[in-house]
Structures are given as structure tokens and as C-alpha cells.
Amino acid sequence: MEQLQEILLTGDRTKIQEVRDILDSYDLLSERVSPIVQDHLQTFRQNYPEEFRSIVKGMMEDRLQKTEADLAGLNALIQTKDQLAEKVSPIVEDHIELLKQNYPKEFKVAVNKLIERKLKDSQEEILNVITPVLGKLIRKSITHQFQMLKERIDSQVKSTFSKQGLFGKIFGYKSKGTEEILSDADETIIEEVYVIQRDSGLLLGSAAMEKTMDQDVIAGMFTAIKAFVEDAFQREKQELEMIEYGNYKIYIQNFYSYYIAVAMSGSISATEKDEISTKLHDFAELELKHIPKDIDDSINTRISDRLKDYFFQTEQALKSA
Amino acid sequence: MISKKIILTGSFGVGKTSLFNKFIYNKFDDKYLTTIGVKVNKKSIEIEGEEVSLLLWDIAGEVSQDKIPNSYFLGSSGIIYIFDLTRPSTYKNISSDIEYLNGMANDAIVKVVGNKCDLLTPEKIEEVKAILTTPWDIITSAKTGENVEDLFLSLGKAFLE
């Protein structure tokens, strides 16, 4: 363009004519070339699908061959365990590591929710299983502490009343503790045992040494008395544990969805009370894990049979022996 | 056989114990002895070949239902709310009482019973019906035994449905 400007500025006619000729020749060339280009374009348009197909086909065949080769290689890799392990292990380890690092963030909430839901759904069943175990542990610990305290007091009393000790030594008489003397004089006998649904007062099962009045009614009345006392003296988490009348006592052991009432005759010492409580916890742990809400005859029969075996058969067998 | 707990409740002197005695022992006594605390008894009934054991709790009457210990209602499958057709004071709070009972035992079937129907003429009974804010399910007479058996049978049927 600069050269063309120079020529025009110089005003050299010869050169200007040369430029004009060149430009004319370009037009001429364009006129001649355009139809040829148009023809080629037309030809290409007509043949394009066929040509395109052949190009794509070639490309696909190449790709297919490559894929087949890759698959064969992968197949061989999978078939050989060690080779596969060598390849996969680092990836798996990486993922495990990633999971470990991200677990609290990614899964903790979901898992916790799932556990919470499961616990909520089977709350009653879990509590029925846990309560006897917990109760036994607590009772054992308290009993042990009391036993130690009692022994310390006994030892203190014995040393204080040394004359009694001397008397015993001279005549070979071993003095008994107050509790032991009382227990010997008036033996505790389990007369009846009832397993009662806590809220409704419906009888889940019962066993007795001798036949008494309708046990469903007794269970209902126990529950009514219990409910009345607990409602009337609303102390936080306090429950009725003992009903006494004359020489009879009804010991109540509370569990989550049921309670066990034991009618006994004779005097009962703290140690005996603990023994009965442990026995009740053992029974609950063994036999009362799964109690449905709707009570029918089969449940009552099963529990009653087990109560009879557990509380009366053994004692009767011991007595007859 | 299935077992179900039923509560008999309502104001004092409406005839809860009389209905209880009529149903269980088929006895009626004109003498009025107030119930102290609660009295429990049971009766088995047969419904469509199935035996249902009903453990009935006859609760001491209270003017207002919220005076009854909450724990009495726990685990109950049925509540029978009884009022005296001859004493308006025993049904003037019927709506609020029923609402309270429904709240106390969600799963329980509540039956509203107008007792002592033997003491009123059919016209008088219609008058009472017209002024009740909550309709009765059945009217009974512990004295004549009218509808007493039907009341407990209808509850038993409802338990099996």
C-alpha cells in the first residue's frame, strides 16, 4: 500500500498505468477463477456425505481397535489378582485415608441420626434389657458398702461389750448379729409373685404357693394403690417399694415397662431383701426382655410357668430333699 | 384371650359403681356408698368367638376430671364417662371433661353414658339430649340393667376392630 501511495504521489503516468493494468488483471483473474472455485464447491457439496462417512468410519475403526486393545489389557489385569491389587490398593488406601479425614464432617451427622432413630424406635425394648442389669449393678454396689458398714459396727459393738465376748469365749458360745437372730426366728417365705404391666396394671404372669383370689384383680389393685401413692406423694422419681400388712409384706421391684410384686410372709432383713431383689433382676434379665404391649394368654402362660420354675420348684425341691 | 383395661369415671353419685356391680355381679343396691380411691374387678366377655378379659377400674367420683390421678388413666384401652340424666350438674361440663379424657389417654376409646334412664320419661330424656353439648353414646339403667351389657359389648367389639 505504501508503494502504491508513493507512485500516486509522484504522479508518474507510466507507473500509474502499470498499477491500473495489474488491477485489471486481478479482476480478470477473479472472473476466471471464481467459476472454477464455484464448481469445486458444488462437487464437494455433492460428495460430502460419502466422504464424511468414510472419514468417520476410519476414525471409529481406529478407536474401536484401540478400545479392544485397552479392554484386553484390563481383562488381563483383572484376571491377575496381584497385578490388580498393585494397581487398586493405592487408590483404595487414598480413599480410606480421605474417608478417615472427612468422616466426622461427612458421615457423623447422618450416622448419629440413624442411631438416634433406631434407639428411639426400640426404646422400650432397650430399656427392658438395660434396667435389670443396671439395677443389679447399683444394688450390688450399695449392698457391698452397707455390708462393710455393718461389719464395722458389729466389730465396734463386740469390742465395746467385751464381757459378752469373754462369756462367749468361756462357754464356747458364738454371739449372733441382731439381724441373724431375727431371721432365724421368723423365716421369710415367698408366697406369691406377680409380673404386672406398669401402666395398665394388666397381669403379665403370676405364680403362687397356694391358690388365692383372682390374680388379675390383685394385679389391678396393686397398680391402683401404687399409682395412688406415687401420685399423692409426688416426690421426684420415687416409687412405691413395699406394702406391709401384719406378718405379710409385698415387695415391689420396678422395671421400665413392668414391675414385679412379691408377697412374702415372715420377717425380712435388709440382706434378704437384697437377695430377693437380685433374684428378681436375674429373672427379668432372663425372661422378660421382650414383652409386647398387647397381652394375650400365651404371654401370661409363658411368664407364669417360668415364675413357677424359678421361684417355687427349686425351693420345693430343696425342702423335699 | 386378650386383656384390656377400662376406666369408669364421672362425677360422684352418677352410678359408676352400680353399673360396675350390675355388669360384674348382676346386682343392684339402692344404698349409696361412696367409692374410696378405686375398686378393680374383671369380667370376661365373648365377642364373635373371641374372649376378651375386661379389667374394670371403678374410680371415686370427682366433680372435675382433672382431679383424678393421671396415672389411673395410663395404659387404659377404654374410658366410660358416666353422667346422671337426672342431675344437670353432672353433665354441665361434659365437653371439657371429654376433651380432657381424650388428652389423657390418646389411644383409648371414650364412651359417653347417660345413666339412670329408668328415672325419666322418654320426653324428659329427649329434653336432656337437646341440651347436651356432647352427645351420649348410650343411655343405661344400672337398676333395670337396660343397655348395661350392650355398653361393655360395644366396647369389646371396638377393641377387636
Side-chain angles (χ1 to χ4, degrees), chain A residues 124 127-128 194-206 212-240 243 245 250 252 254-259 261 291-304, chain B residues 1-9 16-17 20-21 23-25 35-47 49-62 65-79 104-109 155-156 158-161:
Chain A
E124 197 161 303
L127 284 166
N128 275 340
Y194 298 85
V195 180
I196 301 161
Q197 201 174 51
R198 199 175 170 123
D199 290 342
S200 66
L202 295 173
L203 186 68
L204 292 165
S206 64
T212 50
M213 67 176 282
D214 194 309
Q215 294 178 322
D216 285 307
V217 177
I218 294 175
M221 278 312 295
F222 278 167
T223 311
I225 294 164
K226 197 170 169 309
F228 175 75
V229 172
E230 286 167 5
D231 243 74
F233 307 99
Q234 287 178 348
R235 301 279 185 273
E236 208 181 325
K237 313 248 178 193
Q238 297 285 314
E239 289 175 307
L240 183 69
I243 302 169
Y245 63 106
I250 297 152
I252 295 168
N254 294 291
F255 293 90
Y256 180 69
S257 63
Y258 55 89
Y259 67 92
I291 297 175
K293 274 190 175 173
D294 290 323
I295 302 165
D296 58 28
D297 270 351
S298 65
I299 299 158
N300 195 299
T301 311
R302 179 179 67 82
I303 296 175
S304 298
Chain B
M1 185 172 73
I2 58 162
S3 301
K4 297 286 176 188
K5 171 181 171 181
I6 297 171
I7 303 285
L8 276 86
T9 189
K16 296 180 291 296
T17 306
F20 177 90
N21 287 336
F23 177 60
I24 290 171
Y25 308 112
T35 306
I36 298 165
V38 58
K39 204 160 77 180
V40 178
N41 216 324
K42 75 158 187 181
K43 187 171 176 176
S44 295
I45 53 170
E46 201 182 295
I47 295 157
E50 184 149 5
E51 211 179 345
V52 183
S53 171
L54 305 177
L55 193 76
L56 303 175
W57 285 43
D58 173 21
I59 295 175
E62 290 285 356
Q65 290 302 297
D66 56 14
K67 292 214 166 67
I68 296 166
N70 297 347
S71 47
Y72 285 2
F73 295 105
L74 295 174
S76 57
S77 302
I79 297 173
M104 284 308 297
N106 285 328
D107 301 330
I109 298 161
L155 251 182
F159 293 147
L160 293 178
E161 276 165 9

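Just so it is clear, the structure is predicted and the values come from calculations on it, not from any experiment.
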Does any backbone or side-chain atom of A:S298 lie under 4.5 Å from a heavy atom of chain B? Answer side chain, backbone, both or neither.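 Looking at A:S298, nothing touches chain B.
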Considering only heavy atoms, which portion of A:D216 lies under 4.5 Å from any heavy atom of chain B: side chain, backbone, both, or neither?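 Looking at A:D216, backbone and side chain both touch chain B.
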State which residues pass side chain to side chain donor-acceptor pair (under 3.5 Å) with [X]; sequence neighbours excluded, sorted by chain then number.
X      : value
B:N41  : B:Y25
B:S44  : none
A:Y194 : A:E192

Using 0.5 Å steps for rounding, measure from the OG atom of B:S77 to the CG atom of A:L202.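 Nearest 0.5 Å value for the OG-CG distance: 7.0 Å.
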Nearest 0.5 Å, please: how far is CD in A:E230 from CG in B:N70?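 It comes to 13.0 Å.
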Given a strict heavy-atom distance threshold of 4.5 Å, which part of B:K4 is in contact with chain A: side chain, backbone, both, or neither?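 B:K4 touches chain A through backbone and side-chain heavy atoms alike.
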Under 6.0 Å from the CZ atom of B:F159, do we count more than 12 heavy atoms belonging to anything else shown?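 Yes, the 6.0 Å shell around CZ holds more than 12 heavy atoms from other groups.
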How close do [X] and [Y] get, heavy atom to heavy atom, and via which atoms?
X      : Y      : answer
A:S200 : B:G75  : CB-O, 3.3 Å
A:A224 : B:Y72  : O-CE1, 3.8 Å
B:V38  : A:M221 : O-CE, 3.6 Å

Under 3.5 Å, is there a donor-acceptor pair between the side chain of B:K5 and the main chain of A:D199?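 Indeed, once roles are kept as given, a pair shorter than 3.5 Å links the two residues.
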Part of residues 50-62 of chain B lying next to chain A, heavy-atom separation under 4.5 Å: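 Those residues of residues 50-62 of chain B which have a heavy atom under 4.5 Å from chain A are B:L55, B:W57.
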Among A:D296, A:N300, A:T223, A:D297, which residue has the highest count of heavy-atom pairs closer than 4.5 Å to chain B?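 Between A:D296, A:N300, A:T223, A:D297, the count favours A:D297.
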